[in-house]
Visitor: 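Sending over a structure as structure tokens; questions will come in a sec.
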Amino acid sequence: MRALRMGLMAMALGGCASHPADSFRDTRSDAVEQRLLSPSQAGGAAGRIDSYTLQPQQVFRMPLLHDNVDPALPADTVRVNLPPTTVCVRVIIDAQGAVQRTEPLLDRAECMAGGDPGNADLLRAVDQAALTWQYIPAAICHYRDVAPTRAGDCADAERIEPVPVTLNYAFTFQMERGQVRVQRAGR
């Protein structure tokens with residue numbers, strides 16, 4: 001069931017890469033913005049993020065998360081109760097589908113809790129979990145002629161070029177009487 005949901009989401013979000021007429025599209029799913037790193041900016045020390053510009057004979061395939069664990073607070077946490085608290089991270093994924101690092105996102109109201117030093121344990125939990133995730137890599141699928149209109153489908157592609165991307169996730173932690181719940185937006 002999880003694989004089916006992931007496949008459907010990948011198809012739905014396949015439009016994140018764009019054709020020249022609209023080279024950047026800010027797409028949101030459950031308050032999660034998705035931007036693509038260009039290959040030259042993958043290490044982007046300056047933090048500059050550019051989107052890919054596709055040619056008519058190219059299709060973008062979103063990465064597909066296939067091996068992941070949810071964040072978990074340490075068993076020795078001093079927290080007993082925590083109202084719903086959302087922290088957001090940018091997950092940087094290399095062209096092989098491995099998570100290279102995460103970065104806190106603080107640029108929108110729903111993510112501001114990540115800037116509170118009292119929530120550093122929540123960001124650490126997300127970072128520790130995300131660094132173990134594995135994705136089927138994002139790719140630009142190259143066709144000899146005009147690409148098919150099936151978003152995210154690389155069937156019959158002449159060449160499939162794995163590419164690095166970033167995906168942004170929002171995690172809402174809640175704890176009642178010592179029981180932790182974590183909801184993830186951006187799946």
Side-chain angles (χ1 to χ4, degrees), residues 1-69 88-105 107-108 110-111 126-127 129-171 184-187:
M1 184 62 155
R2 177 183 248 175
L4 177 60
R5 278 191 305 209
M6 293 300 297
L8 291 173
M9 187 181 115
M11 289 188 298
L13 294 175
C16 286
S18 58
H19 291 280
D22 59 344
S23 67
F24 176 76
R25 184 176 307 184
D26 179 18
T27 59
R28 291 181 182 251
S29 170
D30 295 326
V32 177
E33 175 185 3
Q34 310 223 5
R35 293 187 191 189
L36 310 176
L37 284 174
S38 66
S40 63
Q41 299 297 322
R48 182 172 166 225
I49 298 175
D50 295 326
S51 59
Y52 294 104
T53 299
L54 298 178
Q55 302 303 315
Q57 67 275 13
Q58 296 174 330
V59 168
F60 181 78
R61 181 186 73 196
M62 287 293 292
L64 181 60
L65 185 59
H66 69 83
D67 188 12
N68 69 307
V69 295
C88 304
V89 297
R90 175 179 296 116
V91 177
I92 293 88
I93 305 162
D94 68 18
Q96 290 72 46
V99 174
Q100 294 300 299
R101 67 183 187 280
T102 67
E103 300 171 350
L105 291 176
D107 61 350
R108 45 181 91 95
E110 65 267 27
C111 299
V126 169
D127 184 60
L131 288 173
T132 68
W133 296 354
Q134 286 292 313
Y135 291 81
I136 295 171
I140 296 178
C141 309
H142 300 264
Y143 292 85
R144 183 177 309 277
D145 297 315
V146 175
T149 58
R150 299 178 311 268
D153 184 359
C154 290
D156 303 321
E158 187 174 81
R159 180 171 61 95
I160 299 173
E161 174 189 358
V163 294
V165 295
T166 62
L167 296 177
N168 297 340
Y169 290 89
F171 295 86
R184 181 182 348 167
R187 287 185 190 220

Visitor: To check you understand the geometry: which heavy-atom pair defines the closest contact between Cys111 and Leu105, and what is its length?
Guide: CB-O, 3.2 Å
Visitor: Would you please name every residue forming a side chain to side chain donor-acceptor pair (under 3.5 Å) with Gln96, sequence neighbours left out?
Guide: none
Visitor: Please report the shortest heavy-atom distance between Leu54 and Gln58, naming the atom on each side.
Guide: CA-OE1, 3.4 Å
Visitor: Could you check Val59, Ile160, Ile140 and say which one makes a side chain to side chain contact (heavy atoms under 4.5 Å, CB included) with Cys154?
Guide: Ile160
Visitor: Checking side chain to side chain contact (heavy atoms under 4.5 Å, CB included) between Tyr135 and each of Asp67, Val99, Leu64, which is the one that passes?
Guide: Val99
Visitor: Working to the nearest 0.5 angstrom, can you tell me the gap between Glu158 CD and Cys141 SG?
Guide: 12.0 Å
Visitor: Rounded at 0.5 Å granularity, tell me how far CZ in Arg101 sits from OG1 in Thr166.
Guide: 9.5 Å
Visitor: What distance separates Asp127 CG from Thr132 OG1, expressed to the nearest 0.5 Å?
Guide: 10.0 Å
Visitor: With sequence neighbours excluded, tell me which residues meet side chain to side chain contact (heavy atoms under 4.5 Å, CB included) with Pro137.
Guide: Pro162
Visitor: In Å, rounded to the nearest 0.5 Å, how long is the span from OG1 of Thr53 to CD of Gln55?
Guide: 7.5 Å
Visitor: Between Trp133 (side chain) and Ala98 (backbone), is there a donor-acceptor pair under 3.5 Å?
Guide: no
Visitor: Mind jotting down which residue pairs meet the salt bridge (charged side-chain N to carboxylate O under 4.0 Å, His left out) criterion with at least one end in residues 131-142? Sequence neighbours excluded, please.
Guide: none
Visitor: Could I get the full list of side chain to side chain contact (heavy atoms under 4.5 Å, CB included) partners for Ala138, not counting sequence neighbours?
Guide: Phe60, Pro63, Val163, Val165
Visitor: Rounded to the nearest 0.5 Å, what separation is found between the CD atom of Gln57 and the CZ atom of Arg144?
Guide: 11.5 Å
Visitor: Just verifying a value: how many Å separate Phe171 CZ and Cys88 SG, rounded to the nearest 0.5 Å?
Guide: 9.0 Å
Visitor: Check Gln100 against Leu131 and note the closest heavy-atom contact, atom names and distance.
Guide: O-CD2, 3.9 Å
